[in-house]
Amino acid sequence: VQLQASGGGLVHPGGFLKLSCAASGSIVRVGFTGWYRQVPGKQRELVATITSGGITDYGDSVKGRSTISRDNAKNTVYLQMNSLKPEDTSVYYCAAIVTVEEAQMRHSEYDLWGQGTLVTVSS
């Protein structure tokens with residue numbers, strides 16, 4: 001069972017990116033999920049969160065410019081980021097509470113982190 005973050009890259013200021021956070025394995029449900037970002041040497045920052053029911057919240061630095069959403073059928077959470085600024089440059093990580101089916105059809109919950117995807121905003 002793992003979370004895979006993808007979609008990062010180089011984008012010009014004012015541009016946009018859509019990040020994906022996909023859970024793979026014997027997934028029963030992807031619950032509360034968050035996107036975070038961290039620049040080396042700085043504290044990790046909350047970007048956005050979404051509950052299993054679709055309630056969203058955003059960090060002040062991205063509010064109004066980003067949208068977090070989920071596709072439960074694909075076990076995937078997305079982060080659409082618009083009007084990107086150089087200060088958005090960071091490694092973006094997703095984290096989720098994932099329910100997994102294990103032996104004898106038992107369900108277990110895990111707090112998983114993806115490996116990070118680099119977003120660079122530069123002209």
First locate atom CG of Asn75, then atom CD of Gln4, and finally report the distance between them rounded to the nearest 0.5 Å. 14.0 Å

Donor-acceptor pair, side chain of Thr33 and main chain of Gly31, under 3.5 angstrom: yes

Looking at every heavy atom in both Ser122 and His12, which two are closest together, and how far apart are they? O-ND1, 3.2 Å

Nearest 0.5 Å, what's the CG-CD distance between Leu19 and Gln80? 9.0 Å

Starting at CG of Leu3, measure out to CG of Leu112 and round the result to the nearest 0.5 Å. 5.0 Å

Less than 4.5 Å apart, side chain to side chain, heavy atoms only: is that true for Ile97 and Glu109? yes

side-chain contact (heavy atoms from CB on, under 4.5 Å) between Val77 and Trp35, worked out: CA-CA 9 Å; Val77 171; Trp35 281 98; 3.9 Å; yes

Working to the nearest 0.5 angstrom, can you tell me the gap between Ile68 CD1 and Ile55 CD1? 12.5 Å

Beyond-backbone contact of Phe32 with Ile50, side-chain heavy atoms, under 4.5 angstrom: no

With the side chain counted from C-beta on, respond yes when Ile27 and Val98 share a heavy-atom pair under 4.5 Å apart, and no when they do not. yes

Do Glu45 and Ser61 come within less than 4.5 Å of each other through their side chains, counting heavy atoms only? yes

Ignoring hydrogens and geometry, is there a side-chain-to-backbone donor-acceptor pair from Thr76 to Lys74 under 3.5 Å? yes

Could you tell me whether the side chain of Arg65 reaches within less than 4.5 Å of the side chain of Lys85, counting heavy atoms only? yes

Once side chain to side chain contact (heavy atoms under 4.5 Å, CB included) is applied, do any residues pair with Asn72, and if so which ones, sequence neighbours excluded? Arg70

Residues which pass side chain to side chain contact (heavy atoms under 4.5 Å, CB included) with Leu84, listed by chain and number, not counting sequence neighbours: Val11, Leu17, Met81, Asp88, Val121

Lys18 charged N/C atom sitting above Tyr78 aromatic ring, 6.0 Å / 45°: yes

Would you say Arg44 and Ser90 make side-chain contact, with heavy atoms under 4.5 Å? no

Minimal heavy-atom distance between Tyr93 and Gly114, with the atoms involved, is CD2-O, 3.8 Å

Find out whether Tyr58 and Val47 are in side-chain contact, i.e. whether some heavy atom of one side chain is under 4.5 Å from a heavy atom of the other. no

First locate atom OH of Tyr36, then atom OH of Tyr92, and finally report the distance between them rounded to the nearest 0.5 Å. 14.5 Å

